[in-house]
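Throughout, a chain's letter reflects where its sequence line sits, starting with A, and its residues are numbered from 1.
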Amino acid sequence: MSELVRIENLVKHFGPIKAVDGVSFSVARGEVLGFLGPNGAGKSTTMKVVTGFLSADSGRVSVGGEDIAANPIAAKRRIGYLPEGAPLYSDMTTRAFLEFTAAIRGFGGEEKRRRVADTVTRVALESVLEQPIETLSKGFKRRVGLAQSILHDPEVLVLDEPTDGLDPNQKHEVRSLIREMAPRKAIVLSTHLLEEVDAVCTRAVIISAGRIVSDGTPEALHARAAGHNAVTLVLRGVESEAARAALAAAQGVRAVEELGADGGAGRGGNGAEVLRLRILPEDGRAVAAEVSQVVRERGWKVEELTVDRGRLEDVFRSITAPDRTRS
Amino acid sequence: MSNVLVIFRREFQGYFATPIAYVFMGVFVALAGVFTMYIGGFFIRDQADLATFFSFHPWLYLFLIPALAMRLWAEERRAGTIELLLTLPITMPQAVLGKFFAAWMFTAIGLVLTFPLWLTVNYLGDPDNGIILAGYLGSLLMAGAYLAIGSCISALTRNQVIAFVVTAAVCLLFVLSGYPLVLDVFSAWAPAFLVETVSSFGFLRHFESIIKGVIDLRDIVYFASLIALWLFVNVLALDVNKAR
């Protein structure tokens, strides 16, 4: 069975506030689903319902075929969960804490020792094994939380902001770990960091005000950005008017804009003039081939040719805060 | 069952990882001694028993046990670890029982540490050790009831001060309902059976009959069912919080 998490029409209120409003999606083995959205959009609440910490007002969640409300123990066995902020029993040592979770997960004796040792190696906790968790740095705490969630090698991993508060090296390590585990598991992770979606996710779900507003691959999300597949071309010693006319005539090109040097205002009059152009395609199609053909035909000297993927930030903002970006 | 044990061990060790254990034990043993020797007039009474020692327990527990119980759930909620605990593959009753038994075992150790008083009374005279043993048993049962109340109330709030105050107030009610202070209010107008009912709900009636050495099954059932009831409400409170 490849579909490991299935969420149908999830609704959850906190008093009068509708935190989650009819969310449905499913996650298959091998997928890394990035759960995006502004603060308070319902990401964490959804995850808390999926992991059985909160119960839904209506809707169904099943994990590996087990309904989390009807059969919570069986469902929870299949889940590894890193709650938001990675809460831990801070008075325990790293080892004692991991042994506690291993014991609760039903491992004993040699198996328990092996599981703890393996996990400790995977997330590099050897150096803090005997330290009380309260004395650890934020990065180590996050890794202890992560260790706890993968110790039983669950089919489903739910990670609420797994790289929050980590430095770039630590982020890289955690992402590598996620990528490495991804083929065997269904992973749901929430994040504010759009770069993270690009780095590890195979799918991005954007939630806003409790509803899913976008669900697709990170690539599809990029395609929604205004500047997607725009080509930036830097030429030397070419006359602006002629270049723009020639490029505008190429197939699939919607418009050609001249950018100033360094992207700023144009620089006038000099001999070896640098010309910066931004070529906007029709409907976000790829036009780099057409552009380079024009360049070759004309024999222009190219300093730089780059294709924009489109900034995820822009897409994110236009989807989750349409009123502000449109005005 | 093994899950209860795993939680029990973690909780129990938790007491000794912080100064809680040492402060609690120290204060408990010291106060028990002081109350018995001075306020209780241990030497003046000139009797080889621990009746005064035990008679102070309801009052000692009144502020010590809420202090012990207030963190049981409120602390988990404050630190967020409750999310970790309740998403592990354990049932709510297992979590509640594991924590409760750890706290109960902890108070049992506190009681055991009062053994110097027992040694003293045996050195000075020739007490009926059966009665003393019954007293310890009754005290432990009563501590369990206090703890169950405290655990339940702790599950209702993330604020430990509130948990402490409310637990102390509820426990006070249970203690006082055996005292003339409360009973007189009722006996003036209420039919005898009502006075009797109120009185039988209180800790004291049951506790005092046990420390006299009369181990009546009804008293034990009283404390056991009180513990069960409050822990049951404790589980309900956690379930309600889940659906909140």
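A pairwise comparison of heavy atoms in R77(A) and P89(B) identifies CG-CB, 3.7 Å as the closest pair. Summarising the geometry of F100(A) relative to L88(B), their closest heavy-atom pair is CE2-CD1, 4.2 Å, with the distance given to 0.1 Å. Between L84(B) and L88(A), the shortest heavy-atom distance links the atoms CD2-CA, 4.3 Å. For the residue pair K12(A) and K242(B), the shortest heavy atom distance occurs at NZ-O, 3.5 Å. Looking at every heavy atom in both residues, P87(A) comes nearest to T81(B) through CB-N, 3.7 Å.
The 12-atom threshold is exceeded at CZ of F107(A), counting heavy atoms of other residues, nucleotides or ligands nearer than 6.0 Å. The number of heavy-atom neighbours closer than 6.0 Å to CE of M25(B), taken from other residues, nucleotides and ligands shown, is above 12.
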Run the numbers on R10(B) and D91(A) for side-chain contact (heavy atoms from CB on, under 4.5 Å), then give the verdict.
CA-CA 10 Å; R10(B) 196 213 80 74; D91(A) 53 3; 4.0 Å; yes
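Proximity to chain A is limited to the backbone of A79(B), based on heavy atoms less than 4.5 angstrom apart. Neither the backbone nor the side chain of E99(A) comes within less than 4.5 Å of any heavy atom in chain B. Of the two parts of P83(A), the backbone and the side chain both hold a non-hydrogen atom closer than 4.5 Å to a non-hydrogen atom of chain B. For a residue to count as touching a neighbouring chain, one of its non-hydrogen atoms must lie under 4.5 Å from one of that chain's; by this rule H13(A) touches chain B with the backbone only. When heavy atoms are compared at a cutoff of 4.5 Å, E76(B) approaches chain A solely by way of its side chain, counted from C-beta outward.
If you take CD on Q13(B) and OG1 on T93(A), they are separated by 9.5 Å, rounding to the nearest 0.5 Å. Atom CG of D160(A) sits about 7.5 Å away from atom CD of E83(B), to the nearest 0.5 Å. For the atom pair CD1 (I104(A)) and CD1 (I90(B)), the distance works out to 5.0 Å, reported to the nearest 0.5 Å.
Top candidate by heavy-atom pairs under 4.5 Å with chain B, chosen from F14(A), F97(A), Y89(A), is Y89(A). Ranked by heavy-atom pairs under 4.5 Å with chain A, the list D239(B), T18(B), I82(B), N241(B) is led by I82(B).
In this structure, the side chain of K76(A) engages the main chain of L86(B) through a donor-acceptor pair within 3.5 Å.
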